[in-house]
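For ligands, and for the atoms within them, numbers begin at 1 and follow the listed sequence.
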Amino acid sequence: MNIQWYPGHMTKTRRMIAEQIKNVDAVCEILDARIPVSSRNPDVDELTAGKPRLVVLNRVDQADPEATKKWAVYFRAKGCAVLESDAKGGMGTAKFAAAVRELLADKLRSYAERGMAGRVVRVMILGIPNVGKSTFINKVAGRRTAKTEDRPGVTRSKQWVPIDKGLELLDTPGILWPKFEDQSVGLNLAFTGAVKDDILDVETLGCHLMAYLGERYPEALKTGYKLPVLPERKDGENDVAYGYRLLETAGKKRGFLVSGGEVDTERMAKILLDEFRGGKLGRFTLELPE
Ligand code: G4P
């Protein structure tokens, strides 16, 4: 797999976290609810050690609701607060302030006891590109753009975005890079469109996605591609071979044929990826807590 690596991005983010961590009370890590493992950078644990953590499971509108429930339980068991969100539609974002206050309840109580009840709580947002950081910040802050003012002559003094009287966000989210620890991480990021398709040829990508959906969500494939029966996986058949047969079956049904009567599996793979990303096939989660 041809995975691009951007050490410059992580270096910049590491520096930002190191500079700002002392100024924040909590860290909010935004994950893609469809791929909560693949969309997280495990270095965050070390970079933000000791800070209370709010995990936002974003894009829940695109994820399998049952799986999202399991992930919420999983992250809560790890001591994080969890917020389920569809930042685009605005679902869940209104609960952000309450979730942060609950996470910091002990600290806020101790402030109150020491007569510092009005002290402002500050939060840093982190996440990989395209996970929905800007959209989330905009929704939470009730504004139209999260981009910072970069015009000449405008001093960037406004480093903190007010959410309410006692809560502020760091205005620029920390952009993390995913960690391609194994092939499945790269595949998951490519399926969801978080990295460009060119990590693999589109047909192979389509084979892997078909194999996963055929295994975990056969009914969605049957409905989406009007297939009364789905080919079963043969003994020992790998994902690419099984996925290829599924692409052929769906492509044939759609009438994607090339000269000689063969199925245009590449065209079918492109359609599959587009429809998967566009939510036309349903809501899916590509990894589950072990
Ligand atoms: P980033 O700052 O983390 O890089 O991500 P950003 O907010 O720019 O979001 C990337 C894309 O994901 C945007 O779509 C945004 O609308 C979409 N998005 C963010 N959160 C959610 C969510 O919870 N659910 C869904 N379905 N989509 C979400 P876009 O196509 O780039 O822009 P637009 O066409 O939506 O304006």
The reported gap from CZ in R122 to CG in L170 (rounded to nearest 0.5 angstrom) is 9.0 Å
request  = Please determine if K88 and D61 form a salt bridge, counting it only when a charged side-chain N lies under 4.0 Å from a carboxylate O.
outcome  = no
*asked:* Any carboxylate oxygen within less than 4.0 angstrom of a Lys/Arg side-chain nitrogen, looking at D64 and K69?
replied: no
The answer for which part of D61 has a heavy atom under 4.0 Å from ligand 1 is side chain
Among G278, G132, G279, closest by heavy atom to atom 5 (O) of ligand 1 is G132
Residues at least two apart in sequence or cross-chain that pass ring pair (Phe, Tyr, Trp, His ring centres under 6.0 Å) with Y217, listed by chain then number, are F284
- Item | Min N/O separation A87 to ligand 1 under 3.5 Å | yes
K133 heavy atoms within 4.0 Å reach ligand 1 at atoms 1 (P), 2 (O), 3 (O), 4 (O), 5 (O), 7 (O)
_If only side-chain N and O atoms count, and only distance matters, is there a donor-acceptor pair under 3.5 Å linking E84 with T68?_
no
Note: ligand 1 atoms sitting under 4.0 Å from heavy atoms of D86 are 22 (C), 23 (O), 24 (N)
Atom 15 (C) of ligand 1: of L57, V56, T135, the nearest heavy atom sits on T135
Closest to atom 12 (O) of ligand 1 (heavy atoms only, candidates E84, R59, R34) is R59
Is it the case that the side chains of S110 and R114 hold a donor-acceptor pair, with the cut-off being a distance below 3.5 Å and no angle test?
yes
